[in-house]
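This report concerns only the one structure given below.
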Amino acid sequence: MHSFNFTLLKKDALTQARLGEISTRRGKIETPIFMPVGTLGTVKGVLPETLLDLGAQIILGNTYHLYLRPGHELIRNLGGLHHFMNWDRPILTDSGGFQVFSLNKLRKIGEEGVHFQSHLDGSSHTLTPEFSIAIQEALGSDIIMAFDECIPYPSSREYVLEATERSTRWAQRSRDAWQEERGAALFGIVQGGMFEDLRRKSSDDLLDIGFEGYAVGGLSLGEEINLMYDIMEFSLPLLPEDRPRYVMGVGTPEDLVEGVARGGDMFDCVMPTRNARNGVLFTTFGKISIKQNRYREDPAPPDPECSCYVCRHYSRAYLRHLFQSKEILASVLNTHHNLHYYLNLMREIREAVRQGKFSEFKANFYRKKSK
RNA sequence: GGAGGGGUUCCCGAGUGGCCAAAGGGAGCAGACUGUAAAUCUGCCGUCGAAGACUUCGGAGGUUCGAAUCCUCCCCCCUCCA
């Protein structure tokens, strides 16, 4: 039962940009795609129905967080994550590998797996590749990520080598634990820090194991932006052309455009949703901080070129007022706009690649930003 | 009329001789945020400025080397009794 498939529809002539389509048991996904992050079984502040309206085709869930609360068994017993949260499109679950990084003070890495102290109540837990896969399968994830370690930056070459090789062993164990017949796809994650040879080694080893798709992990961790672009540029072409390539945790609108130009198909990031809650809106002309005093009496919509619900109905002055007043609707409206911006950006990117005008689109994208 | 309490930097509120341009909170302003420990966090927040200087704690005097802090008078607010 092989319900997962990737079809490469078009390759850009001047860049590495690709147009493709992923088939999953829960429907198709057009690539390049941006996947909103819904860590705890909700994209914060957005109704699933609204996500559909915004054009979201796939969202993320998180193994570590859902395991801790409410528990993967509970979710399985209640019909799986899709039913639980009322989202019937594809869900990709992160394996907990990012929490190895972000909860660095609360965890201990061993060969077997990672020991965590829950950030909720301090209780002890151990995540292994096998357990991470089991949790993701219990959740009913459509795209399961191998359990890895997102390696901090900067790290010594020695440590990156050690961690990358361990992640490769974990990838093999994830592959062994994965039950293909259940219908979910499994992606491997390339590590290797900022070292090209280690990235290459990691890719080669993962290709030997064999996955339905490949991710480039360990990016946007504070490194120079151009270094990140260089690593993407080096790492993405190492991956098979006939499999989706997922750039994990990236990024800003600029990062998405640059990522697509370097061959990325899938992206996810908390930026549009988190920044929305923190008062930052992404627009055609760059980002704006809606809490700034300059918008106090500004009757203009956040982005004059945006057609989203928020921009059609509300002024910057109103959004500033809601934010300053700490109203819940501020988060809702800001998130709505930002997700619209991100998803629309990807829509435009796909259309540009389809028409063979990606470079033109990219130039125009930057021209407007600098206005 | 009598008894008591109090007036502190935008607001609330600590401070009762030097370590005070004055705790803390709020508001305000600015910034950060990239596989979500995040509706979070950081910085600024009397004036000019690099250091430093200058003006502040209801008002006016006074004591003291030194006062938001002690004394005198005045103004205002609150509570209780008549």
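By convention in this document, chain letters (A, B, ...) are assigned in the order of the sequence lines, proteins followed by strands, and residues within each chain are numbered from 1.
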Exercise. Quote, to the nearest angstrom, the C1' distance that separates U9(B) from A68(B).
Key: 11 Å
Self-check item: Atom-pair distance (NE2 on His321(A); P on G28(B)), nearest Å
Solution: 12 Å
Quiz item: Tell me: CG of Leu221(A) to P of C33(B), nearest whole Å?
Solution: 13 Å
Quiz prompt | Spacing between Phe34(A) atom CZ and G35(B) atom P, to the nearest angstrom | solution = 8 Å
Quiz item: Are any of the side-chain heavy atoms of Leu51(A) and Leu339(A) separated by less than 4.5 Å?
Solution: yes
Quiz item: Under 4.5 Å between any side-chain heavy atoms of Ser307(A) and His340(A), yes or no?
Solution: yes
Quiz item: Looking at His125(A), His115(A), His72(A), which one forms a ring pair (Phe, Tyr, Trp, His ring centres under 6.0 Å) with Phe131(A)?
Solution: His72(A)
Practice problem: Report yes if at least one side-chain N or O of Gln292(A) is closer than 4.0 Å to OP1 or OP2 of C29(B); otherwise report no. | Solution: no
Quiz item: So what does Gly218(A) touch, heavy atoms closer than 4.0 Å: a base, only the sugar-phosphate, or nothing?
Solution: base
Exercise. Walk me through it: do Tyr309(A) and His336(A) pass the test side chain to side chain contact (heavy atoms under 4.5 Å, CB included)?
Key: CA-CA 8 Å; Tyr309(A) 177 82; His336(A) 185 100; 3.6 Å; yes
Quiz prompt | Watson-Crick or G-U wobble partner of U55(B), both distances under 3.5 Å | solution = none
Practice problem: Pick base, sugar-phosphate or nothing for Gln117(A), based on heavy-atom distances below 4.0 Å to the nucleic acid. | Solution: nothing
Quiz item: When you match Thr252(A) and Ser289(A) each to their closest nucleotide on RNA chain B, which lands nearer the 5' end?
Solution: Ser289(A)
Exercise. Can you tell me, in whole Å, how much space there is between the C1' of G13(B) and that of A22(B)?
Key: 13 Å
Quiz prompt | Atom C1', compared across A14(B) and U8(B): separation rounded to whole Å | solution = 9 Å
Quiz item: Which whole number of Å gives the distance between the C1' atom of G58(B) and that of C77(B)?
Solution: 11 Å
Quiz item: At under 4.0 Å between heavy atoms, what does Val247(A) touch on the DNA or RNA strands: base, sugar-phosphate, or nothing?
Solution: nothing
Exercise. May I ask you to decide if the ring planes of Tyr314(A) and Tyr318(A) are parallel, tilted or perpendicular, using 30° and 60° as cut-offs?
Key: parallel
Quiz prompt | Nearest-angstrom distance from the residue atom CG of Leu219(A) to P of G35(B) | solution = 11 Å
Practice problem: Determine, step by step, whether Glu305(A) and Lys368(A) satisfy the side chain to side chain contact (heavy atoms under 4.5 Å, CB included) criterion, reporting the C-alpha distance in whole Å, the side-chain angles of both residues, the deciding distance to 0.1 Å, and the verdict. | Solution: CA-CA 11 Å; Glu305(A) 291 201 1; Lys368(A) 283 187 173 174; 2.8 Å; yes
Quiz item: Does any N or O donor sit under 3.5 Å from an N or O acceptor when you compare the side chain of Asn293(A) with the base of G28(B)?
Solution: no
Quiz item: Roughly how far apart, to the nearest Å, are U72(B) and G4(B) at atom P?
Solution: 14 Å
Self-check item: Nearest-angstrom distance, C1' atom, G61(B) to C78(B)
Solution: 27 Å
Practice problem: Taking atom P in both G2(B) and C12(B), compute the distance separating them and give it to the nearest angstrom. | Solution: 30 Å
Practice problem: Using whole Å, report how far CG of Asp255(A) lies from P of C33(B). | Solution: 11 Å
Self-check item: Pair partner, G24(B) [Watson-Crick or wobble, under 3.5 Å]
Solution: C12(B)
Quiz item: Should the ring pair Phe361(A) and Phe365(A) be called parallel, tilted or perpendicular, given that the plane angle runs from 0 to 90° and is split at 30 and 60?
Solution: parallel
Exercise. Report the distance from atom CD of Glu254(A) to atom P of C33(B), rounded to the nearest whole Å.
Key: 12 Å
Quiz item: If the C1' atom of A23(B) is compared with that of U69(B), how far apart are they to the nearest Å?
Solution: 16 Å
Practice problem: Could you tell me the separation between the CE atom of Met232(A) and the C1' atom of G35(B), rounded to a whole number of Å? | Solution: 14 Å
Self-check item: Between G35(B) (P) and Met271(A) (CE): distance, integer Å
Solution: 7 Å
Practice problem: Could you please name the partner base of A32(B), counting Watson-Crick and G-U wobble pairs only when both distances are under 3.5 Å? | Solution: U40(B)
Quiz item: Using 4.0 Å as the upper bound for N to carboxylate O, is an ion pair formed by Glu112(A) and Arg173(A)?
Solution: yes
Quiz item: What is the per-nucleotide protein-contact pattern of nucleotides 36-45 of chain B, from the 5' end, where B denotes a base atom under 4.0 Å from a protein heavy atom, S denotes such proximity for sugar-phosphate atoms only, and - denotes neither?
Solution: BBBSB-----
Practice problem: Would you mind pulling out the nucleotide paired to A68(B), Watson-Crick or G-U wobble, both distances under 3.5 Å? | Solution: none
Quiz item: Are the side chains of Arg18(A) and Asp265(A) in touch, meaning some heavy atoms are under 4.5 Å apart?
Solution: yes
Exercise. Counting Watson-Crick and G-U wobble pairs only, both distances under 3.5 Å, name the nucleotide matched with C80(B), or none.
Key: G2(B)
